[in-house]
Amino acid sequence: MNKPFAITLNVGSSLENKTGTWRTFRPVYTKRLSPCNNACPAGEDTQGWLFHAESGDYETAWRHLTQENPMPAVMGRVCYHPCEGACNRGKLDSAVGINSVERFLGDEAIKHGWKFAAPAKESGKRVMVVGAGPAGLSAAYQLRRMGHQVVIFEAGPMAGGMMRFGIPKYRLPREVLDAEVQRIVEMGVELKLNAKVDNILTTMKEDKFDAAFLAVGAHIAKRTAIPATESSRILDAVSVLRGMEGADKPMLGRRVVVYGGGNTAIDVARTAKRLGAEEAIIVYRRTREKMPAHDFEVEEALQEGVMVRWLSTIKQVGDGGSITVEKMELDESGKPVPTGEFDTLEADSVILALGQDVDLGLLDGVPDLTFQDGVVQVGDNMMTGYAGIFAGGDMVPSDRTVTVGVGHGKHAARHIDAWLRGSRYEEPGKAELANYEKLNPWYYTDADKTVRPMLDIIRRQSTFDEVQGGLNESNALFEARRCMSCGNCFECDNCYGVCPDNAVIKLGPGKKFEFNYEYCKGCGICAEECPCGAIKMESEAT
Amino acid sequence: MGFQPIKFYQTGTFTVGNRLLPPEQRSVQSGMERANALNSGHRACQGCGEALGARYAIDAAMNASGNKLIAVNATGCLEVFSTPYPETSWQIPWIHSLFGNAPAVATGVAAANRVRARKAGLPDSEVRVIAQGGDGSTTDIGLGCLSGMFERNDDVLYICYDNQAYMNTGVQRSSATPPAARTATTMPVGPEPGNTFGQGKNVPMIAMAHGIPYVATATVADLRDLEYKVTKAMSMRGARYIHIFVPCPLGWGSASNDTIKIARLAKETGLFPVFEAEYGEVVNVSKIRQRQPVEDYLRLQRRFAHLFGKKARLDVIERFQQMAEQNIRNFGLLADEKVTVGFRSSEHRK
Amino acid sequence: MLKQCEGSHAIAEAVALSRPEVVCAYPISPQTHIVEGVGELVKSGALKDCEFINVESEFAAMSVAIGSSAAGARTYTATASQGLLFMVEAIYNASGLGLPIVMTVANRALGAPINIWNDHSDSMSQRDCGWIQLFAETNQEAADLHIQAFKLGEELSLPVMVCMDGFILTHAYERVDIPEQEKVDAFLPPYSPRQVLDPTNPVSIGAMVGPEAFSEVRYLAHAKQMQAIELIPKISREFQDIFGRESGGLIRPYMLDDAETVVIALGSVLGTIKDTIDEMRADGISIGVLGITSFRPFPITAVRRALSHARRIVVLEKSFAVGIGGIVATDVRMALDGLDQRIYTVVAGLGGRNITRSSLHRVFRMAMHDQLEPLHFLDLEWSIINRELDRERATRRSGPIAENILRDVANAAKIG
Ligand SMILES: Cc1cc2nc3c(=O)[nH]c(=O)nc-3n(C[C@H](O)[C@H](O)[C@H](O)COP(=O)(O)OP(=O)(O)OC[C@H]3O[C@@H](n4cnc5c(N)ncnc54)[C@H](O)[C@@H]3O)c2cc1C
Ligand SMILES: Cc1ncc(C[n+]2csc(CCOP(=O)(O)OP(=O)(O)O)c2C)c(N)n1
Ligand code: SF4
Ligand code: SF4
Ligand code: SF4
Ligand SMILES: [Mg+2]
C-alpha cells in the first residue's frame, strides 16, 4: 500500500522504542523457601511435590517426594506434620493437608507397585546401619541411592523399630510399613534381622565396613519409684505395645490406668480400650494445655472413651489394684505442685508411659565419644566423636519422631558419602523464607481443608483398623491444589498477563518465564501480583 | 448466566492463567499466541492501567473475532502513547480521528464493513469494530456521538477506559472524576478541597437507558471477568458498551505497582460496581469478595492525600463510604443481596 | 436523460449514480432535499449496497464519513452553513487523513444572525481546510461535478466539497440531463483506496506527528492540491468525452479574449453576470467574465493567464472577510501579483440579498470608469447603517444590531 507519509504507520513498529531504559528497578524471578519445606524435619520439598500432585501426576510427585523420604505412606500416617503448622494457607483459611496428600501418594505407590531405581553405579564402599527404625532405614535408602553397599543390622525379628513395636496398628497398618520397608530392601539393601550388634567396632572390623550409622532408638522404659505392693500389676508402655506385635496379646484387665502425658500414654490407653478394657484412665500431672501429646490425639482418645485425670500423680499402687492419686495444682510458673489431697482409683493394671532411655551398650569401648542426658552427642555432620561412626534418631539429642529420624538418616547419609570420599558435604544455603507477607493471597480461591474421613467411633474402639481414612483421588487432588506454592512459580501466568508492557516472555508449559528487559519499565506490577512471591524487585543502581 | 468461576484449581478464578485448566478454559492473556494488540515499546507511564486494560480488551476481542477486528481510537493518552510518529504499538488496523468522534467513526467503519459483506453475499460483516476512548472522550466530549451510536444500535463495541480525568492534557477534571479528588482543575485548596461532591455522570447507566443489547463494567483487576465480558459483547451484534476501570499512577499519585491492587479495591469497597446489563436490565453483578473500607482505597492515592494526615477529613471519607454503601445497595453487591437499579429489559429492541 | 426537476433532486440522482456505499447526513436547509432524495433511493432499493445513516449531528456525519471512507467505502454527505461549522474539526481531519469523501455544501450564510439564505460564507470559512472546493454554476454542472468529484477525490485521496448555491440552485426547477448509469460506470471506476482499515493488512492511521515531520506532512497536502490543478481539467475532458458536455475544469472564461474589464465570480451568480455582460457587450462595452470553478486548489496560473490582458478586474463575491474585505479577491490579487491592473471587490448577495442586473450594470459601469471604491458593498442601505452607528455612538448599550436594524427596516416600510 502506498501509505500517506507519517500519518499512517506500519503496525508493531514501536518495538524500535526500547522502554527498558526507563527502569530504575528490575523484576527478577526468584525461588523462596516455602514455610512447609522449612518446617519439615525430614527436609521434604513439600511445595515441590505438591506442585506435581496438583496436576494429577502422582508418580512424579511421589518420586520427587521420595528423594528426601522413602516412606511417604508411613509418614502420611504418623508424622505430626509440622509442615502444616507452618503452612501459609493456615493464615488464609486452614493449612493445606500436606500430610494427607503425602499419605495418598504413598498409598498410590503401594497400589501401583512403584519402585525405587537401583543406583546407577556402585561406589565399592560398605556401610553398616544399626537399627531398622526410621532413621536407619532412611540412611540405608539414601546410602544405597548413592551406590554404597548397605547392611542393616536389626536386633528385632522385624524391621521398623518403634514404627512397628511402638505405634499401634490402628494408626499404622503393618502392611503399609512392610511395603515401604520392602521397597528399600529391593534396592539392594541387605537387612539382617535378629542381629543385635553388641560391639560396633568389632562388627565394623570383622565385616570390613568403611563407616557405620547407628540408629538404635530409645527402648528402655523409664521407671519412677512408685511404692507398690503388687508390682506385677505395673507394666511399661513400650513392653505393652511391643507385646501387641506378638502372638499373645498383653493381659491388661478391665480397668487400666496409664501414667504419663505423652503420645505413648495416649497410644497405650487407646490400645487398652481396644483390648477390651472397660476403663482406660490416663493420670497426668498437669493440664491438657500442658500435655506433650498432640491435641488431636488427645481428642481422638477422648472420643473413644479414654478418660484423663488431669493434675494428678500416682502416689501408691496398693492391694487389689487400689491406686492412690494425689491432686496437683499449678504454681505461678506453671509447675505442678502437690496439694495433699488424695483420691483412689481401682485398676487391674498400671502402665507407665514416662519415656524411654537409650541402650548404649554397643558403644562400649569406642573411644572419643561424648554422652549427655543418656544420648550420644553428634556434630552437625551427624558423626560421633569417633571418625566413621555416625548416629541419629532417638539416640541423639533431638525431638523423638519418625520424621526427625528420617531427616537424620538422610543427613547422615550425605555426610557419610562425603566422608567416604574424603570430603565434606556442604549444606546448600537456605533461600529466603516465603512468609505470608510475601504472598498476594487474593488470588487463591477460598477453599476449606478436606478433612480426612474418620472411622466411626464404635468400630474404632474395638478394632485395630486404621482410624484415619485416606483421601480419595478427587479430594487428594483438591487438597494438593489448595497449596499456594509459596515462593515458587507455579505458572499461574499472572506476571505474563499483568505486564502493561508485554515485557514478560512465556517460555511454554513447564518452562516458566523470562523478563524482556528491553521493554520492561520496572513498574513492579508483576512482582506485586505474583500470588506466591516468586518475583522480587532489585535496584538497577548497583 | 454470568461469569463462571473456576473452582478448585488453586487460583482458577482470579489469576491470569492456570496450567491446570484445559486450554479452552484458559484466559486469552495466558496464551502464548495472544495478539498483543498493543505491543511493547508504547510510551505509557510505568504501571499504566489504561495500557493494560486496552491490551486485555483488544486481545480478547481479537480472539473472539478470529483476528478480524478494526479499532477506532479517540484522542487521549492511549492514542498518544501508542502512535507517536514514526512508531505505532498497534498490531491491528487502527484509526485515530478526533477526541469526540470515535463512536461515529466506528459507525462509519461498521457501515463500510456491512456494505462489503452484503456485496459478498454475507448477511453480516465478519470484520468487527471497536471504538475506544478515555473517560473524558466518552463521558464528556464524545457523549453525543456515543449516544447516537447507541440509539441507532450500530454494530460497534465501545470501550471506555476510565482513569477518571483528562490525563493526556495533564490531569484535569472530567465528569468521571470522583468527588474530593485532586486534579489540575480541582486543587485541594479551600474549605471543600478537590473535586465537588454531587457532580459527575454514570455513563454505564446512561448506556443502559438506551436499551442497547449489552452494557458492562469491569476492572483491570479481574482479567477473566473482563475477557468474559468482551467475549460476550463480541458474540452479540448492535451497540455494546464496556466501561473499564483503569488506574492511572501518574494522575492518581499511586505507586506504579499498585495499579491492579487499586482496581481491586475499587471493586471490593463498592466504589466501582462491576456488573453487566442486557437491553437495559442488570443481569449479573460481581459480588464483593472481601469487603474493604473505602479508606484503604483512598489512602493509596495522593489525589486523596488531603483527606488524611493532620487535617484529616473524616467527614469526606465518610461520604465516600456512603457512596460505596449506596452502590452496594443498588447493585446488591453483597453475597445475598439483589439488584435494585436498572431498567426493564427493552424487549422491542431484541 | 433530460428531466425537469428540482436541483436537489438532480444532485441526489447524480450521487446515486456514483454508487456511494455509505451516505450519512444531518438535516439543515437548504441541503435537506438532497439527502432526503438519496435516502429515498436507498430505502426504495434503487440505490443498492448503500448504507444510509441518520446521524445525530454534522460532526457525527463527517465522523461517520471518516470511518466509512477509511474502511474503504465510497462515502457521501451534505451540509450547509451552521452544519458545516459544526463539523469543522472533522473536516480538517478528513483531509488530513486523506479520505476522499464527497460533500455537497448547499451554500448558505453563517449566523448570527441566523439566516437560511444563500451566500458563500460557509464554504469560504473552510477555504484552508485542505479539501478541494468546486463551485457549480448551474444544476447541470452541480450534478456533473458530483460525479467528477468522486473520481477526483479518489485519485488523489483527498476529500472534495461541491459547493452550490442554496435555494437558488438547490430549490430551483430546471431541465437537467441526468446521465445514464452505464456511462457513469464507465467514467467512474469502483473505489480503490490508497489506505484502508483491513485486518489482512493492518496499518495505524492517524498517528501523532511532531515538529520533526509536521511541516513535510503539510507541504505534501499542498502538493496534492497542486496535482489537482492538473487533474481537474483532465477529468473534465474525460467527462466531456463520455457525456458530451463541458462541465467542471478550473475556470470558465466568457467573452474574455478582448475584455478590458473582467468580472470574476463563483457559482450561480455567473448566470446573471453573463446576462448583464451580454447586454453591456451589446452596448459595445469591452467586458467579460471569468468563472472560477475550482476555488481550492486556486488555479493561480490559469487565472493569471486568463486575465493578463485585462485592464481592470471586478471580483464579485458572496462572502467577505470581516476586517479586510474580499476573500476571492485576495486570491485573485495573489494570481495577478506584479501586474498593473486595478482590482475591485464587490461584496454582493449576502444572506440571500437579491443581485439584480440593474445593480450589476451600475457597479460594472462605475468600475469601467474607475469610480468604484476598492471594496464595494452592492446595494447597501446606508441610511440604516448610519442610524445604527449613530445610536451606538450615543449609547454604549444600544442593543443588538440585528434587532435594531430590523426595527428600522420595519419603520422605514411603515413610513414608506
Ligand atoms: C508408642 C509410640 C508412639 C509413637 N508415635 C509416633 C508417631 O505417631 N509419630 C512419630 O513421628 N513418632 C512417634 N513415636 C516416636 C518414634 O517412633 C521414634 O522417635 C522413632 O521410631 C525413632 O526412630 P529410630 O530409628 O531412632 O529408632 P527406633 O524406631 O526406635 O528403631 C531402632 C531400632 O534399632 C534396633 N536396635 C536397638 N539396639 C540394637 C542393636 N544393638 N543392634 C541392632 N539393632 C538394634 C531396635 O530393635 C529398633 O528396631 C512414637 C514412639 C512410641 C514409643
Ligand atoms: C476537541 C478537543 N478538545 C480538547 C482536546 C485536548 N485533549 C486531548 S486528550 C484530552 C484528554 C483525554 O482525556 P480522556 O479522554 O479521559 O483520556 P486519557 O488521556 O485520560 O486516557 C484532551 C482534553 C482535543 N484533542 N480535542
Ligand atoms: S501453601 Fe503450599 S507451599 Fe505454602 S506452606 Fe502451605 S503447603 Fe507449603
Ligand atoms: S506470577 Fe505466577 S507465573 Fe509469574 S512468577 Fe509468580 S507464580 Fe510464576
Ligand atoms: S510488570 Fe512488566 S514492566 Fe512492570 S516490572 Fe514487571 S515485567 Fe517490568
Ligand atoms: Mg481519562
Side-chain angles (χ1 to χ4, degrees), chain A residues 6-7 9-19 22-24 54-56 440 442-447 477-478 480-485 490-503 505-510 516 518-529 531-532 537, chain B residues 5-20 26-27 29-32 34 36 38-56 82-94 220-221 223 249 255-261 264 289-290:
Chain A
I7 299 164
L9 304 174
N10 282 326
V11 294
S13 41
S14 67
L15 290 178
E16 289 298 313
N17 186 31
K18 304 283 187 323
T19 51
W22 303 14
R23 200 172 51 237
T24 52
E54 283 151 24
S55 59
N440 188 336
W442 166 262
Y443 287 103
Y444 300 101
T445 320
D446 305 308
L477 192 65
F478 172 50
R481 288 173 175 185
R482 293 181 62 248
C483 170
M484 306 192 288
S485 195
F490 59 113
E491 300 191 23
C492 74
D493 293 327
N494 252 19
C495 48
Y496 177 60
V498 300
C499 175
D501 291 277
N502 302 344
I505 301 166
K506 180 169 174 166
L507 300 173
N516 187 344
E518 286 203 319
Y519 301 106
C520 165
K521 293 173 184 163
C523 68
I525 295 183
C526 53
E528 186 69 30
E529 300 304 324
C532 69
M537 298 301 290
Chain B
I6 294 151
K7 287 213 180 104
F8 304 155
Y9 287 99
Q10 199 163 40
T11 59
T13 318
F14 304 105
T15 47
V16 167
N18 195 321
R19 66 189 176 99
L20 304 173
R26 295 191 194 172
S27 70
Q29 281 305 308
S30 71
M32 294 174 75
R34 74 182 186 206
N36 272 344
L38 180 68
N39 210 350
S40 307
H42 62 68
R43 288 150 202 259
C45 302
Q46 291 161 318
C48 173
E50 191 166 64
L52 184 59
R55 196 192 69 229
Y56 279 0
S82 66
T83 54
Y85 164 81
E87 293 152 6
T88 173
S89 301
W90 295 100
Q91 314 240 55
I92 61 169
W94 176 97
V220 284
L223 167 74
S256 64
N257 60 344
D258 277 346
T259 296
I260 289 183
K261 185 193 289 172
R264 188 154 53 227
R289 182 167 166 240
Q290 294 170 5

Close side-chain approach of T15(B) to P531(A), heavy-atom, < 4.5 Å: yes
Among P500(A), G12(A), G524(A), A527(A), residue most engaged with chain B (heavy-atom pairs, under 4.5 Å): P500(A)
Reported CZ-to-CG distance for the pair R481(A) and N18(B), which is rounded to 0.5 angstrom: 8.0 Å
Segment of I260(B) engaging chain A (4.5 angstrom heavy-atom cut-off): both
Any residue meeting salt bridge (Lys or Arg N to Asp or Glu O under 4.0 Å) with R43(B), in chain and number order, not counting sequence neighbours: E87(B)
Best-contacting candidate, I525(A), L15(A), N440(A), L507(A), against chain B by heavy atom pairs under 4.5 angstrom: I525(A)
R19(B) side-chain N/O to G510(A) backbone N/O, donor-acceptor pair under 3.5 Å: no
Straight-line distance of F14(B) CZ to C492(A) SG, nearest 0.5 Å: 13.5 Å
Proximal component of C499(A), with respect to chain B [non-hydrogen, under 4.5 Å]: backbone
Heavy-atom closest pair, residues Y496(A) and M32(B): OH-CA, 3.5 Å
S13(A) side-chain N/O to T88(B) backbone N/O, donor-acceptor pair under 3.5 Å: yes
Chain B contact via E529(A) - which portion, at a heavy-atom distance below 4.5 Å: side chain
Spacing of CG belonging to D501(A) relative to CD belonging to Q46(B), to within rounding of 0.5 Å: 8.5 Å
Distance-minimising heavy-atom pair for L38(B) and N502(A): O-ND2, 3.0 Å
Winner by heavy-atom pair count (cut-off under 4.5 Å) against chain A, out of A221(B), P93(B), C45(B), S89(B): S89(B)
Heavy-atom closest pair, residues V498(A) and Y56(B): CA-OH, 3.5 Å
Gap separating the OG1 atom of T83(B) from the CD1 atom of I7(A), nearest 0.5 angstrom: 12.0 Å
Residue list, side chain to side chain donor-acceptor pair (under 3.5 Å) with K261(B), at least two apart or on another chain: E528(A), D258(B)
Atom group of I505(A) that falls short of 4.5 Å from chain B, counting heavy atoms: neither
Rounded distance (nearest 0.5 Å) linking atom CG of L20(B) with atom CD of E491(A): 10.0 Å
Top contributor to chain A interface from S30(B), C48(B), A54(B), G53(B) [non-hydrogen pairs under 4.5 Å]: S30(B)
Residue, of G49(B), P86(B), S82(B), A51(B), that accumulates the most heavy atom pairs under 4.5 Å with chain A: P86(B)
Atom group of N516(A) that falls short of 4.5 Å from chain B, counting heavy atoms: neither
Part of K506(A) within contact of chain B (heavy atom distance under 4.5 Å): both
Region of S14(A) that comes under 4.5 Å of a non-hydrogen atom in chain B: both
Closest non-hydrogen atom pair between S40(B) and Y519(A), with its separation: CB-CG, 3.5 Å
Option that, when pairs with chain A are counted at under 4.5 Å, heavy atom only, ranks first among R55(B), R26(B), E50(B), Q29(B): R55(B)
